[in-house]
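Predicted model, so just to flag it, every value in this text is computed and none were measured. The first residue of the sequence shown is numbered 1, and numbering continues consecutively from there.
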Amino acid sequence: MLELFGEVLGTFILILLGNGVVANVNLDKTHSHGSGWIVITAGWAMAVFVAVLATADLSGAHINPAVTLGLAFSGLFEWAKVAPFILAQMLGAMLGAFTVYVFFRNHFNITTTAGAKKACFCTAPAIRHFRNNFFSEFVGTFVLVLAVLLITMPQLPYESFGSTKVGLGSLGALPVALVVFSLGLSLGGTTGYAINPARDLGPRIIHSLLPLKNKDNSDWPYSWIPVFGPVAGAGFASLVHYFISCNC
């Protein structure tokens, strides 16, 4: 149960801070309104850092079904735990999205651009072309999951303290955050780089349920792209990781 709580909490923090920075930039009359893409990508990277920092010791801080599946495909995570972890991530994402709405409610009420409000919940393609949109999510998640599978934390045994190890400590969350920052800067402009099925689907469900003024549709015909693109990318990353592991 502690592991599942960790996934709920971690994904909640991820969405609260990640979608929160989008709301800060997109919604009218916030102090950071219109501050742009660099702020959004930096905010999402730091959201990953805080979420991993807070829950790494509880659940391993997957906070992403694609990461959970990539680890399972690679034999590094029990398949029996996959479905519960994904359900926990979905719940955390939905709670995070709802909290963003409550936090920015006054700004949602005065913002008249429906697309700007929807972007505070879920992703959308810059150019709508499902094949290319799928490829964008596939490639972005491939890079993310491969990096997660390859990252090893430097830890040195410190004999004076028995089994205690000297490592990166809280900075152990930084490598994945930097990967997400790089992905946002380099590859995020085509689809908004969901690279996480729960990050998109959970908040999209909340968007469809909330009584937003001047509300846009939740674009369900597109919703499968940020779900299955990342899953496919995670699967391919696990294959590449297997090939590397077998030849090292």
Side-chain angles (χ1 to χ4, degrees), residues 8-51 54 63-64 89-129 133 136-137 140 177 180-181 183-185 187-227 230:
V8 172
L9 177 62
T11 315
F12 168 80
I13 293 171
L14 174 69
I15 300 303
L16 175 64
L17 299 181
N19 281 3
V21 73
V22 178
N24 252 336
V25 171
N26 279 12
L27 299 180
D28 291 345
K29 293 190 177 181
T30 69
H31 287 308
S32 59
H33 175 69
S35 50
W37 187 248
I38 300 298
V39 171
I40 289 175
T41 54
W44 269 107
M46 292 303 99
V48 170
F49 176 81
V50 176
I63 61 175
N64 182 341
Q89 292 155 2
M90 282 291 296
L91 176 59
M94 294 172 73
L95 290 172
F98 181 73
T99 306
V100 168
Y101 165 70
V102 174
F103 191 95
F104 288 96
R105 186 171 182 176
N106 291 337
H107 299 276
F108 276 109
N109 286 340
I110 65 170
T111 300
T112 58
T113 306
K117 290 193 280 192
K118 184 170 72 175
C120 301
F121 295 91
C122 53
T123 63
I127 298 175
R128 195 177 183 87
H129 189 285
N133 302 151
S136 294
E137 291 294 329
V180 172
F181 191 31
L183 288 170
L185 292 175
L187 304 176
T190 56
T191 61
Y193 72 121
I195 57 175
N196 181 339
R199 171 264 176 273
D200 190 273
L201 182 58
R204 194 181 296 270
I205 292 171
I206 294 298
H207 176 267
S208 70
L209 297 175
L210 286 174
L212 293 169
K213 296 179 181 179
N214 302 310
K215 183 177 176 178
D216 199 359
N217 69 76
S218 298
D219 197 8
W220 289 107
Y222 177 77
S223 65
W224 67 275
I225 297 287
V227 172

Any chance CD1 of Ile127 has more than 12 other-residue heavy atoms, nucleotides or ligands included, within less than 6.0 Å?
-> no
Counting only heavy atoms not in Phe103, do more than 12 sit closer than 6.0 Å to its CZ atom?
-> no
Donor-acceptor check, side chain of [X] to backbone of [Y], threshold 3.5 angstrom: yes or no?
| X | Y | answer |
| --- | --- | --- |
| Glu137 | Pro230 | no |
| Lys215 | Ala114 | no |
| Ser32 | Asn24 | yes |

So, taking the atom named [atom1] in [X] and the one named [atom2] in [Y], what distance separates them when rounded to the nearest 0.5 Å?
| X | Y | atom1 | atom2 | answer |
| --- | --- | --- | --- | --- |
| Leu95 | Thr11 | CG | OG1 | 10.0 Å |
| Leu212 | Ile206 | CG | CD1 | 11.0 Å |
| Gln89 | Asn64 | CD | CG | 6.5 Å |
| Asn196 | Ile63 | CG | CD1 | 7.5 Å |
| Phe104 | Thr30 | CZ | OG1 | 7.0 Å |
| Asn19 | Ile40 | CG | CD1 | 10.0 Å |

Partners of [X] by side chain to side chain donor-acceptor pair (under 3.5 Å), sequence neighbours excluded?
| X | value |
| --- | --- |
| Thr41 | none |
| Asn26 | none |
| Asp219 | Arg128 |

Indicate whether the side chain of Thr123 and that of Asp200 have a donor and an acceptor atom separated by less than 3.5 Å.
->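 The criterion, which ignores hydrogens and geometry beyond distance, is satisfied for Asp200 and Thr123.
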Considering residues at least two apart in sequence or located in another chain, which fulfil the ring pair (Phe, Tyr, Trp, His ring centres under 6.0 Å) criterion with Phe108?
->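 Only Tyr101, Phe121 meet the ring pair (Phe, Tyr, Trp, His ring centres under 6.0 Å) criterion with Phe108.
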Partner residues of Ser218 under the side-chain contact (heavy atoms from CB on, under 4.5 Å) criterion, sequence neighbours left out =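 Partners of Ser218 by the side-chain contact (heavy atoms from CB on, under 4.5 Å) criterion, ordered by chain and then number, come out as Arg204, His207, Ser208, Trp220.
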Hey, which of Val21, Leu17, Leu183 is the one that makes side-chain contact (heavy atoms from CB on, under 4.5 Å) with Trp44?
->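 Output: one option passes, namely Val21.
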Residue pairs passing the side chain to side chain donor-acceptor pair (under 3.5 Å) test where at least one lies in residues 106-116, sequence neighbours excluded =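 Residue pairs passing side chain to side chain donor-acceptor pair (under 3.5 Å), neighbours aside: none found.
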